[in-house]
Visitor: 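Starting off with a structure, shown below.
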There are 2 protein chains.
Amino acid sequence: MRISCMRTANIRPATSQRKLLLSVIREAKGLLDAKELYRRASERDASISLATVYRNLRFFKEQELINERHFGHTRSCCYEMKRSGEHYHLVCRGCGHVIEFGSPLIHRLVAEIRRKNDFAVTRVELCLEGYCHDCKKEEKPSSKVA
Amino acid sequence: MRISCMRTANIRPATSQRKLLLSVIREAKGLLDAKELYRRASERDASISLATVYRNLRFFKEQELINERHFGHTRSCCYEMKRSGEHYHLVCRGCGHVIEFGSPLIHRLVAEIRRKNDFAVTRVELCLEGYCHDCKKEEKPSSKVA
DNA sequence: GTTGGTGCAAATAGTTTGCATGTGC
DNA sequence: GCACATGCAAACTATTTGCACCAAC
């Protein structure tokens, strides 16, 4: 039995494409979908293929290097580097902006569910939709156009 | 300005397909995806088309008659009748079972976000993944196969 | 040198749309 | 009768896969 790679993720064959993709994801502020990742990676290595992007996204997910998120209104998944502090997302229906947030209440919620439902939670997907500060102003006072 | 259909959803042209689809969704215990809805509707009206299913799902969504949910691990969306009590979902990674739950903590969470981020929440998507009571037993005692 | 990653193109899955026809009100 | 829903097939988007070739270790 291999005992390597238990805690630290290994980028086993560290191909140039793999390293490139990881740094694009790392350097991104926030979330990226496959197409956008492909676009940004292509700027640095024009020969990279979309299939490689998808294959590596799956690989990074398996290695638990990245998080995959899906927002109800889009068809594609979004990805971001896994970080220490857990956080969730607010998506503005006005400007499309994604705001990160965290709250200790979520911990309590998960603990409650664990207890009440006897359920071992491994992953929390929480996404709120609505209108951010700026977009609220435009939506509210006028007639109900939305 | 039309003042109809403000509160009560209207199934405007109440075509037989539209009525059929709505009753299939209503009679379903839990969530359905488009294909499953199509399959069940086809049993009662073999000539119904998948395009009609999708068009009506969009229509019902606009009328706010149904909720659309998306779980990270599947590619398609799931739908269910909108009901009075808000509820969210636990998805078991072992058996695939979906458990509904609700918690007053979610209300508090939304209120907190509204206040802290000055964000008008219109929709909450919350889905927890993990292992249910039965599947936990098989996963836990043995070696970490997962 | 072997294992496994890559590019390409084709395949697949889920969903949407154009168009001619049919149906509810 | 008119507006709009439907069925069909084709289009489209996101993602996956088979295959020949290439790179990392």
Side-chain angles (χ1 to χ4, degrees), chain A residues 2 4-5 8-25 31-63 65-80 96, chain B residues 2 4-5 8-25 31-63 65-79:
Chain A
R2 343 177 118 235
S4 62
C5 72
T8 57
N10 51 353
I11 321 295
R12 284 147 27 186
T15 62
S16 62
Q17 293 89 334
R18 187 160 284 178
K19 285 185 282 186
L20 168 59
L21 290 170
L22 208 50
S23 47
V24 172
I25 300 172
L31 295 144
L32 286 173
D33 65 6
K35 208 156 68 177
E36 179 61 16
L37 174 56
Y38 172 62
R39 204 190 56 71
R40 295 193 194 179
S42 299
E43 288 174 1
R44 295 204 234 159
D45 172 0
S47 73
I48 200 168
S49 90
L50 192 51
T52 295
V53 170
Y54 278 110
R55 278 190 277 235
N56 275 292
L57 281 173
R58 177 151 28 146
F59 174 81
F60 296 150
K61 224 189 325 169
E62 283 163 8
Q63 298 294 312
L65 281 168
I66 60 174
N67 281 322
E68 184 185 56
R69 299 281 171 212
H70 185 275
F71 301 132
H73 56 296
T74 54
R75 227 185 293 184
S76 56
C77 289
C78 286
Y79 302 88
E80 64 183 345
Chain B
R2 343 178 117 234
S4 62
C5 71
T8 56
N10 52 352
I11 321 296
R12 280 136 46 175
T15 62
S16 63
Q17 293 90 335
R18 186 160 286 179
K19 286 185 283 184
L20 168 58
L21 290 171
L22 208 49
S23 47
V24 172
I25 300 171
L31 295 143
L32 286 173
D33 64 8
K35 207 155 71 175
E36 178 62 15
L37 174 55
Y38 173 61
R39 203 189 56 71
R40 295 193 195 178
S42 299
E43 287 174 1
R44 294 204 235 161
D45 172 0
S47 73
I48 200 169
S49 91
L50 193 51
T52 296
V53 170
Y54 279 109
R55 278 191 277 236
N56 275 292
L57 281 173
R58 175 148 33 143
F59 173 80
F60 296 151
K61 225 190 320 172
E62 284 163 8
Q63 298 294 313
L65 281 168
I66 60 173
N67 281 323
E68 184 185 57
R69 299 283 171 210
H70 184 275
F71 301 131
H73 55 296
T74 53
R75 226 186 291 187
S76 56
C77 288
C78 286
Y79 303 86

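Lettering follows sequence order; numbering is per chain, from 1.
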Visitor: By nearest heavy atom, map A:T52 and B:S16 onto DNA chain C; which one lands nearer the 5' end?
Guide: A:T52

Visitor: Nearest whole Å is fine: how far is C:dA10 P from A:L50 CG?
Guide: 16 Å

Visitor: For the side chain to side chain contact (heavy atoms under 4.5 Å, CB included) test, which of A:L32, A:D33, A:I25, A:T52 pairs with A:L57?
Guide: A:I25

Visitor: Can you check whether A:R58 has a side-chain N or O nearer than 4.0 Å to OP1 or OP2 of D:dT17?
Guide: yes

Visitor: Side chain of A:N56 only, heavy atoms from C-beta on: which candidate in D:dT6, C:dT6, D:dT16 is closest?
Guide: C:dT6

Visitor: Choosing from D:dC4, D:dG7, C:dT15, which nucleotide comes nearest the side chain of A:R75?
Guide: C:dT15

Visitor: Which is more 5' along DNA chain C, the nucleotide nearest A:Q17 or the one nearest B:T15? Just name the residue.
Guide: A:Q17

Visitor: Is a donor-acceptor pair below 3.5 Å formed from side chain A:R12 to base C:dG5, judging by atom type as modelled?
Guide: no

Visitor: In plain terms, say whether A:R40 and A:E43 are close enough for a salt bridge, that is, a side-chain N and a carboxylate O under 4.0 Å apart.
Guide: no

Visitor: What integer distance in Å separates A:L37:CG from D:dT15:P?
Guide: 11 Å

Visitor: Take the protein atom CZ of A:F59 and the nucleotide atom C1' of C:dG4, then report the distance between them rounded to whole Å.
Guide: 11 Å

Visitor: Out of C:dC25, D:dT15, C:dT15, which nucleotide sits closest to the side chain of A:C77?
Guide: D:dT15

Visitor: Is B:Y54 near enough to C:dT15 that one of its side-chain N or O atoms lies under 4.0 angstrom from OP1 or OP2?
Guide: yes

Visitor: Looking at side-chain heavy atoms only, is the closest gap between A:L37 and A:N56 below 4.5 Å?
Guide: no

Visitor: What is the separation between atom CG on B:L20 and atom C1' on D:dA5, rounded to the nearest whole Å?
Guide: 14 Å

Visitor: Verify, without hydrogens or angle tests, whether B:N10 (side chain) and B:R12 (backbone) share a donor-acceptor contact under 3.5 angstrom.
Guide: no

Visitor: Write down the distance between CG (B:L57) and P (C:dT15), rounded to a whole number of angstrom.
Guide: 9 Å

Visitor: Output the rounded distance in Å from NZ (B:K19) to C1' (D:dT6).
Guide: 15 Å

Visitor: Is there a side-chain contact (heavy atoms from CB on, under 4.5 Å) between B:R55 and B:F59 once you walk through the steps?
Guide: CA-CA 6 Å; B:R55 278 191 277 236; B:F59 173 80; over 6 Å; no

Visitor: Using whole Å, report how far CD of B:E36 lies from C1' of C:dA13.
Guide: 16 Å

Visitor: For a quick test of reading the model: is some side-chain N or O of A:K35 closer than 4.0 Å to OP1 or OP2 of D:dT13?
Guide: no

Visitor: Regarding C:dG4, can its base be found pairing with the side chain of A:R55 as donor and acceptor, where the two atoms are less than 3.5 Å apart?
Guide: no

Visitor: Please state how far atom CD1 in A:I48 lies from atom P in C:dG5, giving the value in whole angstrom units.
Guide: 14 Å

Visitor: Return the nearest nucleotide to the side chain of A:A14; candidates are D:dC25, D:dG7, C:dG14.
Guide: D:dC25

